[in-house]
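Quick notes on the structure that follows.
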Amino acid sequence: MIIARIIPDGEKTSTITDLTQQIKNSPSINECGAIFTFEGIVRGKETLKTTDKIVLTTPNTEKTEKELEKILKEVQSEHGVKDIVVVHYLGQFKPGDSLFLVVVSGSHRHETRAALEEIVERVKYELDFKKEEIGSAGSKVIMSGG
């Protein structure tokens with residue numbers, strides 16, 4: 001099972017617990033010995049600045065979701081993991097808010113952890129997101145992927 005969702009601002013939210021339960025309800029759970037999760041949240045404070053909010057967008061939600069699904073299929077094939085569920089939110093967020101949720105199940109911890117790490121890195125650098133950080137240092141736009 002692969003579920004890849006890019007969720008626009010204001011749509012129903014899922015929690016890491018919800019996504020983990022989806023994995024546990026999968027028929028392949030009997031073949032699994034590991035579930036790894038990642039919850040990316042907004043960091044509000046760094047050494048030299050604070051962030052009051054960020055605005056995360058993508059120019060084409062449908063295209064970005066298809067590219068996300070392609071990444072997940074590649075990772076699943078490469079690492080031999082069983083199920084992957086990913087939700088990436090768009091919109092305006094404040095410190096502590098969840099932006100990016102990943103749950104991966106696999107037979108063993110090594111390939112499952114490696115798959116999770118690859119998903120997190122590839123999504124950050126390969127998908128077309130624009131993040132505007134607003135805080136003590138003013139406004140800063142960060143482009144990624146695409």
Side-chain angles (χ1 to χ4, degrees), residues 1-26 28-29 32 34-106 109-146:
M1 164 181 65
I2 289 179
I3 298 174
R5 295 283 325 274
I6 304 294
I7 299 182
D9 191 20
E11 280 198 25
K12 182 182 175 198
T13 61
S14 296
T15 66
I16 202 78
T17 303
D18 297 333
L19 303 185
T20 301
Q21 193 57 52
Q22 280 185 276
I23 294 270
K24 287 183 174 184
N25 290 339
S26 169
S28 66
I29 196 65
C32 295
I35 295 175
F36 277 83
T37 65
F38 174 82
E39 183 170 2
I41 64 171
V42 177
R43 178 178 40 249
K45 187 175 182 180
E46 294 184 51
T47 305
L48 299 175
K49 68 175 186 165
T50 60
T51 299
D52 299 322
K53 69 178 177 179
I54 70 164
V55 179
L56 188 66
T57 59
T58 188
N60 185 330
T61 303
E62 187 176 306
K63 179 179 179 229
T64 302
E65 192 169 87
K66 285 180 182 173
E67 290 169 352
L68 171 61
E69 185 173 356
K70 181 177 182 259
I71 289 171
L72 301 184
K73 286 178 180 177
E74 290 171 359
V75 169
Q76 185 182 47
S77 176
E78 179 183 340
H79 295 282
V81 294
K82 299 298 179 186
D83 296 314
I84 304 171
V85 180
V86 175
V87 170
H88 207 306
Y89 294 107
L90 302 174
Q92 185 172 297
F93 306 91
K94 62 184 186 318
D97 285 346
S98 297
L99 301 170
F100 179 39
L101 309 173
V102 182
V103 181
V104 181
S105 67
R109 70 183 177 278
H110 299 293
E111 71 267 13
T112 308
R113 182 176 49 239
L116 175 76
E117 290 174 1
E118 184 174 338
I119 291 165
V120 170
E121 294 305 312
R122 288 186 66 185
V123 166
K124 181 172 180 74
Y125 294 108
E126 293 179 25
L127 296 184
D128 193 9
F129 289 113
K130 177 179 134 185
K131 178 171 72 171
E132 181 182 7
E133 294 181 348
I134 299 135
S136 63
S139 180
K140 175 182 173 184
V141 173
I142 301 166
M143 304 297 287
S144 66

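Remember, it's a predicted structure, so these values are computed and weren't measured experimentally. Heavy-atom basis, side chains included; hydrogens, waters and symmetry copies ignored.
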Legend entry - V123 and L68: CA distance, side-chain angles, deciding distance, side chain to side chain contact (heavy atoms under 4.5 Å, CB included) verdict: CA-CA 7 Å; V123 166; L68 171 61; 3.6 Å; yes

For the side chain of [X] and the backbone of [Y], is there at least one donor-acceptor N/O pair under 3.5 Å apart?
X: E133; Y: K140; answer: no
X: D97; Y: K94; answer: yes
X: T51; Y: K53; answer: no
X: T15; Y: D18; answer: yes
X: S136; Y: T50; answer: yes
X: Q76; Y: K82; answer: yes
X: S77; Y: K73; answer: no

Side chains of [X] and [Y] in contact at under 4.5 Å (non-hydrogen atoms):
X: E118; Y: H79; result: yes
X: L116; Y: V102; result: yes
X: F36; Y: R109; result: yes
X: I3; Y: M1; result: yes
X: I29; Y: I35; result: yes

Do D128 and T64 pair up side chain to side chain, a donor and an acceptor below 3.5 Å, judged on atom types alone?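 Side-chain D/A pair, D128 to T64: absent.
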
query = Using a distance-only test with no angle check, is there a side-chain donor-acceptor pair under 3.5 angstrom linking E132 and S139?
reply =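 A pair is found: one side chain offers a donor N or O, the other an acceptor, under 3.5 Å apart.
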
Test side chain to side chain contact (heavy atoms under 4.5 Å, CB included) applied to I119 and V104, step by step = CA-CA 10 Å; I119 291 165; V104 181; 3.8 Å; yes

So CD1 of I84 and CD of Q22: to nearest 0.5 Å the spacing works out to 13.5 Å

CG (L127) and CD (E67) are apart, to the nearest 0.5 Å, by 6.0 Å

Just do the side chain to side chain contact (heavy atoms under 4.5 Å, CB included) check on H88 and F129 with the steps written out, would you?
CA-CA 10 Å; H88 207 306; F129 289 113; 3.8 Å; yes

**Message:** Just to verify, which of L56, L90, V55, V141 counts as forming a side-chain contact (heavy atoms from CB on, under 4.5 Å) with K130?
**Reply:**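 By the side-chain contact (heavy atoms from CB on, under 4.5 Å) criterion, K130 pairs with just one of L56, L90, V55, V141: V141.
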
Practice task
Give the C-alpha distance, both sets of side-chain angles, the deciding distance and a yes or no for side chain to side chain contact (heavy atoms under 4.5 Å, CB included) between L19 and V87.
Solution key: CA-CA 9 Å; L19 303 185; V87 170; 3.9 Å; yes

- Message: Taking atom NZ as the centre, does K49 end up with more than 12 heavy-atom neighbours from other residues, nucleotides or ligands that are less than 6.0 angstrom away?
- Response: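 Yes - once you tally the heavy atoms of other residues, nucleotides and ligands closer than 6.0 Å, there are more than 12.
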
query = Would the F100 and Y89 ring centres measure less than 6.0 Å apart?
reply =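 No - the distance between ring centres of F100 and Y89 does not fall below the 6.0 Å cut-off.
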
